[in-house]
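I have placed the structure first, in the form of structure tokens, so that the comments after it can refer back to it.
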Amino acid sequence: SMPGQVWGADQNDETVLIDGVSYHVLRTSEDWERFIQLVLDAKGNSDVNAIMDADISTGYSVGYRKEIPFRGIFDGNGHTLNVNIQASATYLAPFSRVKDATFRNLHVTGTVVGARHASGLIGYSSGDEIHIDNCRVSVGVGSTDGYAGGFVGHGQKTDHIINNCLFDGTLACSTYAGAIIGWEEGGTANYVNNCLENGIYEKVSHKGFCYNKSTCYGNTATNCKNNWSYMKWGEMDGKVVGSMSVADLVATLGSKNWKVENGEAVPVMGSFPGKDDVSVEAGDLFPGTEEGEEGIVKIPITSDMPILWL
């Protein structure tokens with residue numbers, strides 16, 4: 001029978017089916033630009049799911065049109081998205097505008113320099129919920145008009161569910177900057193849990209873990225627990241790394257979702273096997289015996305991993 005997870009391809013766009021969900025496969029900067037166009041074509045009315053199968057570098061944002069946000073699942077698949085995005089636009093980020101989206105297993109590096117609410121992942125949130133799981137943002141974010149965010153520039157009134165994420169980038173602006181969420185309008189039910197802050201803050205007058213308007217929160221919020229910081233911020237409610245060893249920090253965050261890598265605590269990221277990892281065994285040829293199979297030769301194939309079908 002057909003494997004539960006199957007690679008598929010056509011001339012212009014490669015897709016993969018994972019647990020019944022179809023994803024566009026991204027391996028190159030050209031794939032990224034095609035993905036941007038797919039989001040535009042969807043006009044914010046349908047999901048455009050994507051999964052990375054290689055590290056990618058780009059200078060372009062997804063969801064840059066105000067009326068056409070990115071919707072769907074973006075799975076970094078354990079890969080790195082390296083960006084160099086610079087413009088005078090508000091909400092500048094790798095994903096400038098998103099709605100009801102999920103991000104997971106992604107490491108973002110590089111530079112984003114924009115106007116108000118620039119961010120290392122999401123510029124502007126909308127919809128009911130945004131999910132971010134096991135992601136790392138190491139971006140240098142510069143906001144010429146303040147209010148920068150590590151993961152989210154402006155959360156608006158959308159609920160964010162953020163788990164097992166690391167911010168170890170740089171935020172540079174003259175006003176407010178939040179390591180996870182830079183700003184929001186309030187009235188939300190954000191769940192930020194098991195996250196780690198290890199960033200650098202340049203010329204920031206008000207820096208903190210997350211900002212709900214001008215109010216800073218971390219573990220002091222009802223739905224936010226076991227978040228840790230290298231900064232002695234009051235909102236961490238005592239969960240400051242201080243002299244704690246990296247091994248102890250990983251144990252405290254949970255070894256299922258955190259690991260020690262190059263002397264640092266980083267999120268564990270899931271990965272779906274790429275085409276070079278496929279293992280297939282084919283049996284002996286035999287003639288087709290069912291109706292309509294006259295003149296057809298069958299080849300039984302077994303595989304414990306996904307198969308690339310061309």
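Keep in mind that the numbers below use all heavy atoms, side chains included, and drop hydrogens, waters and symmetry copies. Keep in mind that this is a model prediction, so the values were computed, not measured.
With respect to Arg104 and Asp133, no salt bridge is recorded, no charged nitrogen being found less than 4.0 Å from a carboxylate O. Salt-bridge annotation for Arg71 and Asp100: absent, with no side-chain N of the basic residue lying under 4.0 Å from a carboxylate O of the acidic one.
With a 4.5 Å cut-off on side-chain heavy atoms, Val62 and Trp32 count as touching.
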Side chain to side chain contact (heavy atoms under 4.5 Å, CB included) evaluation trace for Asn223 with Tyr217: CA-CA 11 Å; Asn223 301 323; Tyr217 67 94; over 6 Å; no

Side chain to side chain contact (heavy atoms under 4.5 Å, CB included) evaluation trace for Arg116 with Trp183: CA-CA 10 Å; Arg116 185 171 293 198; Trp183 199 258; over 6 Å; no

Candidate pair Arg136 and Glu264, rule salt bridge (Lys or Arg N to Asp or Glu O under 4.0 Å), full reasoning: CA-CA 12 Å; Arg136 177 183 182 184; Glu264 298 180 273; 3.8 Å; yes

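When the side chain to side chain donor-acceptor pair (under 3.5 Å) test is applied to Ser126, no partner is found at least two apart in sequence or on another chain.
Among all heavy-atom pairs drawn from Pro94 and Val108, the shortest one is CG-CG1, 4.1 Å. For the residue pair Leu92 and Ser61, the shortest heavy atom distance occurs at CD1-OG, 4.1 Å. In terms of heavy-atom proximity, Ile161 sits nearest to Asn163 at CG2-ND2, 3.6 Å. Here the closest heavy-atom approach between residue Cys173 and residue Ser143 is recorded as CB-O, 3.4 Å. Residues Tyr211 and Ala177 approach most closely at CE1-O, 3.4 Å, considering heavy atoms. Annotation for Ser22 and Thr15: closest pair OG-CB, 4.0 Å, computed over non-hydrogen atoms.
A donor-acceptor pair under 3.5 Å is absent between the side-chain atoms of Ser29 and the main chain of Thr58, judged by distance alone. With hydrogens and angles disregarded, a donor-acceptor distance shorter than 3.5 Å links the side chain of Glu197 to the backbone of Gly199.
Taken from OG in Ser205 to OH in Tyr176, the straight-line distance is 7.0 Å, to the nearest 0.5 Å.
If you check the side chains of Thr109 and Asn82, you find a donor sitting under 3.5 Å from an acceptor. Asp168 and Ser138 are linked by a side-chain donor-acceptor pair at a separation below 3.5 angstrom, with hydrogens and angles left out of the test. Side-chain contact of Asn212 with Thr215: a donor-acceptor pair under 3.5 Å is absent, judged by distance alone.
The aromatic ring centres of Phe35 and Tyr60 sit 6.0 Å or more apart. When ring centroids are compared, Phe272 and Tyr23 stay outside the 6.0 Å threshold.
No option in Glu184, His160, His154, Gln156 other than His160 meets the side chain to side chain donor-acceptor pair (under 3.5 Å) test with Ser125. Remark: of the listed residues Asp237, Asn227, Asn226, Asn193, Asn227 is the sole one forming a side chain to side chain donor-acceptor pair (under 3.5 Å) with Asn219.
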